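Indexing begins at 1, ligand by ligand and atom by atom, following the structure's order. In what follows, every heavy atom counts, from backbone to side chain, and hydrogens, waters and symmetry copies are set aside. Predicted model, so just to flag it, every value in this text is computed and none were measured.
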Amino acid sequence: MSFTSTAQAPAHSAALGTDPQWWRQAAVYQIYPRSFADADANGIGDLRGITSRVQYLQDLGIDAVWLSPFYPSALADGGYDVDDYRDVDPKIGTLEDFDAMIEALHRAGIRLIVDIVPNHTSDRHEWFLEALASPKGSAARDRYIFRDGTGPGGDQPPSDWTSIFGGPAWTRITEPDGSPGQWFLHSFAKEQPDLNWHNREVHEDFLHTLRFWSDRGVDGFRVDVAHGLSKDLPANLPSQAELDATPKDGSHPIWDRDEVHEIYREWRGVFNEYDPPKIGVAEAWVDSSRRPKYASAEGLGQAFNFDLLEASFDAEQFRETVTFNLELAAQSGSSSTWVLSNHDVVRHATRYGLPPKADGEDKAGTHWLLSGGSSPELQAEEGLRRARAATLFELALPGSAYLYQGEELGLHEVAEISDSDRQDPTFFRSPGFSVGRDGCRVPLPWSSTGAAFGFGDGAAHLPQPEWFADFSVEAQDGAADSTLSLYRRALQLRRELQGADTLEWVELPGAGSDVLAFSRPGGWVCVTNFGKSAVALPAGEVLVSSQPLSTGELPAETTVWLRQH
Ligand code: NOJ
């Protein structure tokens, strides 16, 4: 095993402290870099933009940033189509900008987790270009998943599989001699060819990438599609219907195969070369019972839990979700993660303002991938009110909270995006099914007036609606009841109150089934009223509440934190 020079931490990381378990209860803020802050006026957010906003992040009170892909990319999938894993997209900066950004974050006591995308490269990655230029059966093709077509002349794809984004999962290439050729697998867009993790070179290259960023000081990695890397495709491919009917119990040909954990054991070896060890967090859409393996100390260490994000605003659902996930976390020895919003889903202020999911609707289906910002049924105020209550509930839970840029402003999903402005491949690949995820990726409003609401001097790469003026940082800064002030207060308290990562449910006499309360070590309690009418406010010193409190009452759809002596 090779030990790197990072045992000696650079001076600027002194503000980070030395606790190797820093991640267990961290508040992690996701930055979608192309939509955060644009320093060079090209309409696309950049690394210097992030550096210029470190003070904002510090004032917000987060412990770490998770940075979505910033690598060179044609943006066929918002950067999740990576051309080069060891560089920065020239549209958003340079490696020197990256170093300056990480130094500024570390000086502010904020750690940095970067996104890594190992299931697929982009179709502009040098390996894929080499595969296209090389013959069938070559070593270059073996890094990906190529198959001959079926039917006369191999004109039909190897199977009828559909990609996650809609449309076929196989695309045909043209061979170097100009003839129609083999087909390659892409679980997502056709610009994202899947890698072949049976190929040793693929392993070695990712180990190299992990060390490359670790040596540059990153504190951990968010692993994209962590459950998809290991595939075992038989010679006779099953049909899509057969695939769908195959249980995902570790032996499915594509998803969540048991041997994927061998990859993460290798990665853990790299993480542990550093002091403190790097962390990993898996994006693994797997059956909950299989999540602990991704989160184990021999593996990535943490795994996203999207159960709260998928729950309705409902006391019983929240309670069950929390109890179940704390048990899962105990199984893996990790802490639980909590997520209400990210760059893939409709913002939670909007979700909670839309009609409840119809019976039988797929959890990953249209409801929450559907942009609903200005749909007539949206109850915008109610949605935000519930979102504030849910966030305060989330921030009181033991474990780490992953927040998404803009949720601290109470932003709604932006629905006012014309088809010609849309960027997300899910929109183009699933016509009529989903408008895609652009609505939660619109550049942030920093000011209420001016070019691009202070995002930058160029026109923002996705159009910002007029109502952003009222949600801007400028409009909310210092306003006692603003959502930004609520997040700042809650995050500050969260640090001050932080104890062991446990909770106890509290039954409040006469409170009714819409009220959920739990206590945390150190004598404080979080109480949420999910119901439509006010209830009596329990005794205690009010630390923070998601709505203004009138004497003696906990209003409808409100959370409060109380210190009880
Ligand atoms: C999950 C990412 O969060 C999403 O944005 C992306 O489109 C897919 N993985 C494919 O990389």
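A distance below 6.0 Å separates the ring centres of Phe184 and Phe128. Here the two rings, on Trp446 and Tyr56, have centers that are under 6.0 Å apart. The ring of His208 has its center no closer than 6.0 angstrom to the ring center of Tyr85.
For Gln30, no heavy-atom contact with ligand 1 is shorter than 4.0 Å.
In terms of protein heavy-atom proximity, atom 10 (C) of ligand 1 is closest to Asp77 OD2, 3.5 Å. With respect to atom 5 (O) of ligand 1, the closest heavy atom belonging to the protein is Asp344 OD1, 2.7 Å. The protein heavy-atom contact nearest to atom 2 (C) of ligand 1 is Asp224 OD1, 3.1 Å.
Of all atoms in ligand 1, listed by their number and element, those nearer than 4.0 Å to a heavy atom of Val225 are 9 (N). Proximity to Arg437 (heavy-atom distance under 4.0 Å) selects the following atoms of ligand 1: 4 (C), 5 (O), 6 (C), 7 (O). Contact atoms of ligand 1 toward His120: 10 (C), 11 (O) (distance under 4.0 Å to a heavy atom of the residue). Counting the atoms of ligand 1 from 1 in the order shown, those under 4.0 Å from a heavy atom of Arg441 are 5 (O).
Considering Leu105, Ile113, Ile102, Leu112 as possible partners of Leu67, the one that fulfils the side-chain contact (heavy atoms from CB on, under 4.5 Å) test is Leu112. Between Gln30 and the choices Arg222, His343, Glu407, Gln405, the side chain to side chain donor-acceptor pair (under 3.5 Å) rule is met once, by His343.
Side-chain atoms of Leu328 and Asn305, non-hydrogen and from C-beta on, never get closer than 4.5 Å to each other.
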